[in-house]
> 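Structure below; questions to follow.
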Amino acid sequence: MAAYDGLSNTYFSRARCAHPICDIGKMGIPNYIVLNYTRLKRGSLSPDQWEILNGRAPMGANILGNSRSRFLAMGAEIALNHHQRWDGSGYPAGKRGDAIPMAARVMNICDIYHALHSKRACHPAFDHAKSMQIIAHGNGRIRPKHFDPKVLAALIHSENLFCKIFETGSAC
């Protein structure tokens with residue numbers, strides 16, 4: 001994916017390292033809401049609970065955003081924007097297209113892949129092929145129009161490497 005739009009491997013390495021802190025804002029969300037959301041406990045969230053949960057994105061950006069570190073600055077950018085969707089249907093600000101920072105566009109698709117490829121109470125862990133099929137073609141809830149078309153194409157083009165990175169934690 002590093003060939004995307006002329007961005008360097010260093011940029012994507014920094015983004016990959018910044019991703020684990022993208023949901024740091026969950027620390028400020030009550031546990032019962034996070035547990036329902038992550039499907040560790042069955043149940044749906046009320047509109048008020050969704051509003052509280054969606055506050056994790058700006059909360060995470062606030063936690064990370066006052067640093068001079070490029071790594072933490074990218075983490076703040078990802079935290080705030082990785083739930084935005086290319087078509088504008090995401091949150092917290094309904095940004096669309098190029099208004100979404102590049103690192104967040106990349107991490108959005110990575111986050112979806114991770115959610116699909118991980119065991120949840122609502123579904124088993126899908127294998128790589130099924131996860132890619134859902135991302136590329138949709139499943140009703142996830143749609144290809146949610147992703148930057150160039151990022152989606154880059155993921156599909158390098159899906160074997162992406163799978164290796166996910167499975168081993170390393171591109172080497």
Side-chain angles (χ1 to χ4, degrees), residues 1-5 7-26 29 31-45 49-50 53-54 56-57 60 74-75 77-91 96-97 100-172:
M1 289 179 59
Y4 175 84
D5 223 17
L7 297 171
S8 70
N9 283 331
T10 302
Y11 177 89
F12 281 96
S13 293
R14 193 177 324 133
R16 189 172 132 223
C17 291
H19 179 257
I21 60 174
C22 72
D23 280 329
I24 196 168
K26 281 183 184 175
I29 306 300
N31 282 340
Y32 73 94
I33 293 175
V34 173
L35 291 176
N36 275 345
Y37 173 70
T38 57
R39 311 271 198 268
L40 295 175
K41 176 177 138 185
R42 294 210 183 255
S44 60
L45 299 179
Q49 291 171 331
W50 271 112
L53 181 68
N54 290 348
R56 76 190 184 283
M74 182 179 277
E77 186 176 82
I78 292 169
L80 183 60
N81 295 289
H82 78 285
H83 294 289
Q84 304 290 351
R85 294 180 179 162
W86 187 254
D87 66 355
S89 64
Y91 65 90
R96 67 175 5 146
I100 304 167
M102 175 56 67
R105 287 185 248 163
V106 172
M107 288 307 135
N108 172 266
I109 206 166
C110 294
D111 210 35
I112 297 296
Y113 179 88
H114 181 264
L116 292 168
H117 205 56
S118 301
K119 183 179 184 278
R120 302 289 168 101
C122 60
H123 68 75
F126 296 126
D127 65 15
H128 172 74
K130 178 70 174 174
S131 299
M132 289 298 299
Q133 188 271 329
I134 291 170
I135 289 170
H137 302 289
N139 70 352
R141 185 167 171 242
I142 297 167
R143 297 185 173 105
K145 70 179 184 175
H146 293 161
F147 309 111
D148 175 336
K150 290 181 182 177
V151 173
L152 178 58
L155 173 65
I156 291 168
H157 177 75
S158 58
E159 75 171 285
N160 291 332
L161 176 60
F162 188 82
C163 180
K164 181 180 177 183
I165 291 168
F166 184 84
E167 295 295 331
T168 66
S170 172
C172 302

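When a residue number appears, it is its place in the shown sequence, counting from 1. Since this is a predicted model, take the numbers as computed values, not measurements. Excluded from the calculations below are hydrogen atoms, water molecules and symmetry mates; all remaining heavy atoms, backbone and side chain alike, are included.
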> Within the 4.5 Å heavy-atom criterion, are Leu155 and Ile135 side-chain neighbours or not?
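Sidechains of Ile135 and Leu155: in contact.
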
> How close do Asn81 and Ala104 get, heavy atom to heavy atom, and via which atoms?
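Scanning both residues, the minimum pair turns out to be CB-CB, 3.4 Å.
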
> Between the side chain of Asp111 and the main-chain N/O of Met107, is any donor-acceptor distance below 3.5 Å?
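Answer holds: no.
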
> So Phe147 and Ile112, do their side chains get closer than 4.5 Å, heavy atoms only?
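Heavy-atom side-chain distance check passes, below 4.5 Å.
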
> Looking only at heavy atoms, which two atoms of Gly75 and Ile21 are closest? And how far apart?
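Answer, listing the atom of Gly75 first, then Ile21: CA-CD1, 4.2 Å.
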
> How long is the span from the CG atom in Leu45 to the OH atom in Tyr32, to the nearest 0.5 Å?
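Rounded to the nearest 0.5 Å, the CG-OH separation comes out at 9.0 Å.
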
> Can you tell me how far CH2 of Trp86 sits from NZ of Lys150, rounded to the nearest 0.5 angstrom?
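CH2 of Trp86 is found 8.0 Å from NZ of Lys150.
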
> What pair of heavy atoms forms the shortest contact from Gly60 to Ala79, and how long is it?
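Nearest heavy atoms, Gly60 then Ala79: C-CB, 4.0 Å.
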
> Asn108: what forms a side chain to side chain donor-acceptor pair (under 3.5 Å) with it, not counting sequence neighbours?
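Here no residue qualifies.
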
> Show, in sequence, the C-alpha distance, side-chain angles and deciding distance for Arg105 and Ile109, and conclude whether the side chain to side chain contact (heavy atoms under 4.5 Å, CB included) test is met.
CA-CA 7 Å; Arg105 287 185 248 163; Ile109 206 166; over 6 Å; no

> Relative to the ring of His128, is the ring of His117 parallel (under 30°), tilted (30 to 60°) or perpendicular (over 60°)?
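The rings of His117 and His128 stand perpendicular, inter-plane angle above 60°.
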
> Going from NZ on Lys145 to CG on Asp87, what distance comes out if it is rounded to the nearest 0.5 angstrom?
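The NZ atom of Lys145 sits 5.0 Å away from the CG atom of Asp87.
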
> Which value, rounded to the nearest 0.5 Å, describes the distance between Met132 atom CE and Leu152 atom CG?
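CG of Leu152 is found 7.5 Å from CE of Met132.
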
> Just verifying a value: how many Å separate Ile134 CD1 and Asn139 CG, rounded to the nearest 0.5 Å?
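Reported to 0.5 Å precision, the distance equals 5.0 Å.
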
> Return the minimal non-hydrogen interatomic distance between Ile100 and Arg85, and the atom names on each side.
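Closest heavy-atom pair between Ile100 and Arg85: CD1-O, 3.5 Å.
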
> In Å, rounded to the nearest 0.5 Å, how long is the span from NE2 of His146 to CZ of Arg141?
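Going from NE2 on His146 over to CZ on Arg141, the span is 9.5 Å.
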
> Are any of the side-chain heavy atoms of Phe126 and Gln133 separated by less than 4.5 Å?
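Contact flag for Phe126/Gln133 side chains = no.
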
> Would you say His82 and Asp23 make side-chain contact, with heavy atoms under 4.5 Å?
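Yes, side chains in contact.
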
